[in-house]
Structure formats: structure tokens, C-alpha cells
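Some notes on the structure that comes next.
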Amino acid sequence: MAYDTNNIFARILRGEIPNKTVLETEHALAFHDINPQAPVHILVIPKGAYVNMVDFGARASATEIQGFYKAVSDVAIMAGVDQTGCRIIANTGLNGGQEVPHFHVHIVGGKQLGRMLGQ
Ligand code: 5GP
């Protein structure tokens, strides 16, 4: 799948759309989801142009990968969900229900989330 340079997170990275930033590093940007599903709902995205987690793992450099996942951990700690627990989700592609085609993980927490996939 080709990367769409006009997807909403690409536009956020270019500063064309505002966001509520939680953390910005060389390799990642974390910001509050516009439609939170729980008291904590933060998105973490790499700064590079990757469609989803599979694309990221396949093409990103070791430095980008390390920087991205370090930011995910730092944000979870900053948000206070490292001890209470959270769900870190990467919706991927059509069957995964991914809406925005720029790799992102959701850090969701602040309440008991129940079982995965509503089963
Ligand atoms: P996906 O379904 O692709 O995994 O999740 C995309 C997420 O991006 C959704 O939770 C949605 O609420 C969030 N989102 C979509 N557009 C914007 C936006 O312009 N700003 C922010 N902060 N979040 C957005």
C-alpha cells in the first residue's frame, strides 16, 4: 500500500492541523485522540512515512524503531498507566479497522477496559 502524504496524521506532522501534544521527540509525536474512548487515550506516531505497523517494522531503521517504542513507553509512564495497566493497540489495514493510514498506536487506559474485542 502506497503512503498517502495527505492523510490526517501527515498533516498533523506538517503542522497543518493542530494537536494536543503529549510528547515530541526526534522520531515520534504523541498527542491526545480527538475522540477519546477512555480517560487516557493518546496516539503515538512515528515521524517517518509508514502506513502501518507491518510497514514500519519492514522499512524503518533500527534507530527509528527504537525511538518510536521508547516514546510509547515514555508516554505510558507520563500518562500514569504503566502501573494501572492499559491497552496499546495498533489497528492495521482493512480487517484491522485502521482509519488513518499513518502508523499509530493507541494508548488507552484510566479505567478497566474489559476483554479484548468485546467477547
Ligand atoms: P484508527 O482507527 O486508524 O486506528 O484510529 C484513528 C484515530 O485517530 C481515531 O481514534 C480518531 O479519533 C483519531 N483521529 C482522527 N482524526 C484526528 C485528528 O484530526 N486529531 C486527533 N487528535 N485524532 C484524530
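Just so it is clear, the model here is predicted, and its values are computed rather than measured. Counting starts at 1 for both ligands and their atoms, following the listed order.
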- [ ] Could you tell me whether the side chain of H102 and the main chain of P46 form a donor-acceptor pair under 3.5 Å?
- [x] yes

Open item on the list: Suppose we measure from atom 22 (N) of ligand 1 to each protein heavy atom; which comes out shortest, and what is that distance?
Closed with: H32 O, 2.9 Å

TODO: Give yes or no for whether the N/O distance cutoff of 3.5 Å, strictly under, is met between I17 and ligand 1.
DONE: no

Task: Contact summary for M53 and V105, nearest pair of heavy atoms - done: CE-CG1, 4.4 Å

Open item on the list: Test of understanding: given a 4.0 Å heavy-atom threshold, classify the contact between H104 and ligand 1 as side chain, backbone, both, or neither.
Closed with: side chain

- [ ] Answer yes if the ring centres of F68 and F103 are under 6.0 angstrom apart, and no otherwise.
- [x] yes

Open item on the list: Only heavy atoms of H106, strictly under 4.0 Å: list the atoms of ligand 1 that pass.
Closed with: 1 (P), 4 (O), 5 (O), 7 (C), 10 (O)

Task: Heteroatom proximity flag, F31 to ligand 1, N/O under 3.5 Å - done: no

- [ ] Please report which non-hydrogen protein atom sits nearest to atom 8 (O) of ligand 1, along with the residue it belongs to and the distance in Å to one decimal place.
- [x] F9 CZ, 3.4 Å

Task: Sub-3.5 Å N/O-N/O distance, Q98 and ligand 1 - done: no

Open item on the list: Using a 4.0 Å cutoff against the non-hydrogen atoms of N35, which atoms of ligand 1 qualify?
Closed with: 12 (O)

- [ ] Could you list the atoms of ligand 1 found under 4.0 angstrom from a heavy atom of G97?
- [x] 2 (O)

Open item on the list: Show me which atoms of ligand 1 lie under 4.0 Å from any heavy atom of E99.
Closed with: 1 (P), 2 (O), 3 (O)

Task: Backbone or side-chain N or O of H41 under 3.5 Å from ligand 1 N or O - done: no

Task: Beyond-backbone contact of I12 with F31, side-chain heavy atoms, under 4.5 angstrom - done: yes

Task: Centroid separation H106 to H104 less than 6.0 Å - done: yes

Open item on the list: Any heavy atom of K20 closer to ligand 1 than 4.0 angstrom?
Closed with: no

TODO: Without swapping roles, check the side chain of T92 against the backbone of A90 for a donor-acceptor pair under 3.5 Å.
DONE: yes

Task: Pair Y3 and Y50, ring centroids less than 6.0 Å apart - done: no

TODO: Would you indicate whether the side-chain heavy atoms of I107 and V44 approach each other to under 4.5 Å?
DONE: yes

Task: Contact with ligand 1 for N19, non-hydrogen, under 4.0 angstrom - done: no

TODO: Under 4.0 Å, heavy atoms only, figure out whether ligand 1 is touched by the backbone of I89, its side chain, both or neither.
DONE: neither

Open item on the list: Starting from F56, can I reach V54 by hopping between I/L/V/M/F/W/Y residues whose side chains sit under 4.5 Å apart?
Closed with: no

- [ ] Give a yes or no on whether the backbone of G114 and the side-chain of R87 come within a donor-acceptor separation of less than 3.5 Å.
- [x] yes

Task: Protein heavy-atom partner closest to atom 17 (C) of ligand 1 - residue, atom, separation in Å - done: I34 CG2, 3.8 Å

Task: salt_bridge(K47, E24) N-O dist < 4.0 Å - done: yes

TODO: Look at atom 7 (C) of ligand 1 and find which of N52, N91, I42, D33 reaches it with the closest heavy atom.
DONE: D33

- [ ] Could you check atom 16 (N) of ligand 1 against the protein and tell me its nearest heavy-atom contact, residue, atom and distance included?
- [x] I8 CG2, 4.0 Å

